[in-house]
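Chain letters run A, B, ... following the sequence lines, proteins first and then strands; every chain starts at 1. All figures in this text were calculated on a predicted structure; none of them were measured in a lab.
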Protein chains: 2
Amino acid sequence: MSKGRVTVIDIAHAAGVSKSTVSLVLQGSPLVNEATRAKVNAVIRELGYVYNRGAANLRQAKSKIVGIVVNDLTNSFLAELAVGVDMVVQSAGYVQFLSNTGESIDRQREVVASMREHGISGLIVSPARGTDAADFKPLTNAGIPVMIVVRNIPGAKVSSLVSDNFAGASAAVEHLAGLGHRRIAFMGGFANTAVFAERLGGYRDALAKAGIAFDDELVVATAPSRAGGVEAVGRAMLLAHKPTAALCFNDAVAFGVCDGLRARRLEPGVDFAVVGFDDVIEAESAVPALTTISVDPQGMGRRAAQLLLKQINSGKVEAEAIVSAVRLVVRQSSGTALDATARRAVS
Amino acid sequence: MSKGRVTVIDIAHAAGVSKSTVSLVLQGSPLVNEATRAKVNAVIRELGYVYNRGAANLRQAKSKIVGIVVNDLTNSFLAELAVGVDMVVQSAGYVQFLSNTGESIDRQREVVASMREHGISGLIVSPARGTDAADFKPLTNAGIPVMIVVRNIPGAKVSSLVSDNFAGASAAVEHLAGLGHRRIAFMGGFANTAVFAERLGGYRDALAKAGIAFDDELVVATAPSRAGGVEAVGRAMLLAHKPTAALCFNDAVAFGVCDGLRARRLEPGVDFAVVGFDDVIEAESAVPALTTISVDPQGMGRRAAQLLLKQINSGKVEAEAIVSAVRLVVRQSSGTALDATARRAVS
DNA sequence: ACGATTATTTGGAACGTTCCAAACGTTGTC
DNA sequence: GACAACGTTTGGAACGTTCCAAATAATCGT
């Protein structure tokens, strides 16, 4: 009774049954008689019993816990993704460890190890920059499914879910070219990342398809942040032959670009077309509303979680790499078609 | 060996010692001889042993897990706070369950219950709107410290850490009044929340101190979001006697207000002064840089976690309510002092 | 060489659950 | 009345660790 925790034995005692029976009730087994089930449940409520999942996990090796580690939770794209994961994880009766690595490989290794000791039965990770393909080997060897999201790690033999960066960038450029732009910049992002390379690839491909020559002056790499956007537009405007439009590495950069344009008395969507990437929530309500590539991070999170849970339940560890479709959302920041004079002045 | 998991017994067997000794090594006890410690550690590494915290927790009731539940993780203020918590929790060797409630009281109850079953030894919660003071009673009764952050719940007998909303709002208004503004609006936020009431209180107090009459036309409540800010400025500009400055409920609202001003061809920081609240990261790099009340959410998160860990370790459950100091950060969006003509035109 | 310390090591017995095989109590069938 | 068949219940024996009390080994002073 007052000797600490209320246990299944206390319940059994108070209800006049055995601990085994109580256990059966707890797991909703159909074997147990309705009357005793009711009795047991009543006692459970009365004594304020709380189930000890730790003890249960010790016996049966299926833990109802997943881990999720992200490289930067303050990035609203990733926060959104985490929320998506949370939704399905929660409704499946699971609970999640969540940790932030802040791009630190060491922290990442630590938290993954710690989560493993705590018995996670699956892991979703948006890896820190520089994560090695072999880093998740121990997990998968132990039969714990791992799902890499957002950033791909070439050579890693785990499942992955990334957005279609190539197609997205390509669609954006096609849109801008269709409006009459010829000098289209690519702004923001660190050049040595896989995501950057994919988006740049789409940009170049669409440029070629539109018959526009690639000019590497027009790709200006900066930090993938709002401040980076401001910097990028500053650098681009120093060029002799200035751009009239920009595809930005992500929405944060795009907002920074808008800020920078305004600081130069140029109105985004009127004097200069800007397109973002990600479609974060603020993109819609910003002024001007941001034309961007919708990636639906929350949806990605949900999908990743569903896939992970599927793998956990089926006990299969075979990796599948899936790319999530994206779509262009045209809003105001890309403006309307350039008129004849503007087009002539530009080209 | 191949019979599944490597356990402490396997290690003991392979190292030629008893399981007790291995256990001692695991917890870094000074009792064990250096030579055998080295031997055991070698075997541990060799066999790829992973510690089973679940089993350990079963024996000793101190779990190294804390829970954190927030009402809206997509709010960058809360994401930032979560990161702060994560930092100290992580370095203390703990790991955290994190869940998002999306303002749903039901979800909140569910996740808290679930976390409890998983044996958290402490909880940090930014409660969903409408959380009852009694909701955390079971936790505290069980000796599990609970710390409420950001939103206060009157009457709850648990620790809390909220920012000094009154003083912050007051400082902002004082600043605006000092610049010569007499028509200062209060924009955004839901009127039926404690935080709103506190900030509005500070606003009114400073107004009185500056000898400015309170005009309830000038408090325009909207959703505490960017879109809400746009709406607020729209409504305020319909007034016969328009404001020349605004204290916004939070930074998101402030950004919306800037958007709305621009849509009306007014430049924030030049034609109209705007002050935010929270000092989210974007506040500094936005254009114009936002004058705001710095709350340092990450610092709050760190502090909350430290307090919680202290309570966990000392085993004391007595509640302490602390308010975190805030400071005014003057940037460009509040502009410079109104000149004589402008002041005359306004008053 | 012998107790007395001190430094190490070690068998159980927990912790709270689940699972298995076996037992129990009915009822129905021949 | 014995047997089978069912529906329901139940004692252990796990799971992987920590803790305690006690055993053993090493060191020392005399």
Over how many whole Å does the gap from [X] atom [atom1] to [N] atom [atom2] extend?
| X | N | atom1 | atom2 | value |
| --- | --- | --- | --- | --- |
| A:Y51 | C:dC15 | OH | P | 18 Å |
| B:R53 | D:dC15 | CZ | C1' | 18 Å |
| A:Y49 | C:dG16 | OH | C1' | 7 Å |
| A:L26 | D:dT10 | CG | P | 15 Å |
| A:H13 | C:dG16 | NE2 | C1' | 17 Å |
| B:I9 | D:dT17 | CD1 | P | 8 Å |
| A:I44 | C:dT17 | CD1 | C1' | 13 Å |
| A:I11 | D:dT9 | CD1 | P | 16 Å |

Under the rule for salt bridge (charged side-chain N to carboxylate O under 4.0 Å, His left out), what residues qualify as partners of [X], not counting sequence neighbours?
| X | result |
| --- | --- |
| A:K310 | A:E320 |
| A:R303 | none |
| A:E34 | A:R37 |
| A:R59 | none |

Give a yes/no on whether any side-chain N or O of A:Q27 is located under 4.0 angstrom from OP1 or OP2 of C:dT17.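 No, because none of the side-chain N or O atoms of A:Q27 sits under 4.0 Å from OP1 or OP2 of C:dT17.
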
Using atom names, set out every protein N or O paired with an N or O of nucleotides 23-28 of chain C below 3.5 Å, distance rounded to 0.1 Å.
none

Test side-chain contact (heavy atoms from CB on, under 4.5 Å) applied to A:L98 - qualifying residues, sequence neighbours left out: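 By the side-chain contact (heavy atoms from CB on, under 4.5 Å) rule, A:L98 matches A:I68, A:L73, A:A82, B:L98.
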
What residues form a side-chain contact (heavy atoms from CB on, under 4.5 Å) with B:A42, not counting sequence neighbours?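 side-chain contact (heavy atoms from CB on, under 4.5 Å) list for B:A42, sorted by chain: empty.
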
According to side chain to side chain donor-acceptor pair (under 3.5 Å), does anything in residues 141-156 of chain A pair up with another residue at least two apart or in another chain? List the pairs.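 Sorted result for residues 141-156 of chain A: A:E103-A:R151.
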
Scan side-chain atoms only and decide if A:T74 and A:D72 contain a donor-acceptor pair under the 3.5 Å cut-off.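 Per modelled atom types, A:T74 and A:D72 side chains form a pair under 3.5 Å.
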
Indicate whether any N or O donor in one side chain lies under 3.5 Å from an N or O acceptor in the other, for A:S99 and B:Q96.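 There is no such pair between these side chains.
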
Nearest-nucleotide wise, let me know which of A:L58 and A:K62 is further upstream toward the 5' end of DNA chain C.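 Looking at the nearest nucleotide for each, A:L58 comes out on the 5' side.
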
Sequence neighbours excluded, every pair satisfying ring pair (Phe, Tyr, Trp, His ring centres under 6.0 Å) that has a member inside residues 94-142 of chain A: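 Qualifying pairs: A:F97-A:H118, A:F97-B:F97.
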
Quick one: which residue pairs count as a ring pair (Phe, Tyr, Trp, His ring centres under 6.0 Å) with a foot in residues 30-84 of chain A, not counting sequence neighbours?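 Qualifying pairs: none.
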
Kindly calculate the angle separating the two end axes of the helix from C:dA1-D:dT30 to C:dC30-D:dG1, each obtained from five base pairs, and round it to 10 degrees.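 The helix from C:dA1-D:dT30 to C:dC30-D:dG1 shows an end-to-end axis angle of 60°.
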
Please produce a list of atom pairs where a protein N or O lies less than 3.5 Å from an N or O of nucleotides 7-14 of chain C.
{"residue": "C:dT9", "atom": "OP1", "partner": "B:T36", "partner atom": "OG1", "Å": "3.3"}
{"residue": "C:dT9", "atom": "OP2", "partner": "B:N33", "partner atom": "N", "Å": "3.1"}
{"residue": "C:dT9", "atom": "OP2", "partner": "B:T36", "partner atom": "OG1", "Å": "3.3"}
{"residue": "C:dT10", "atom": "OP2", "partner": "B:S18", "partner atom": "N", "Å": "2.8"}
{"residue": "C:dT10", "atom": "OP2", "partner": "B:S18", "partner atom": "OG", "Å": "3.3"}
{"residue": "C:dT10", "atom": "OP2", "partner": "B:T21", "partner atom": "OG1", "Å": "2.7"}
{"residue": "C:dG11", "atom": "N7", "partner": "B:S20", "partner atom": "OG", "Å": "3.0"}
{"residue": "C:dG11", "atom": "O6", "partner": "B:S20", "partner atom": "OG", "Å": "2.9"}
{"residue": "C:dG12", "atom": "N7", "partner": "B:K19", "partner atom": "NZ", "Å": "2.9"}
{"residue": "C:dG12", "atom": "O6", "partner": "B:K19", "partner atom": "NZ", "Å": "3.4"}
{"residue": "C:dA14", "atom": "N3", "partner": "B:R59", "partner atom": "NE", "Å": "2.5"}

Classify the nucleic acid contact of B:S23 as base, sugar-phosphate or nothing, counting any heavy atom under 4.0 Å across all strands shown.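 Answer is base: heavy atoms of B:S23 come under 4.0 Å of a base.
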
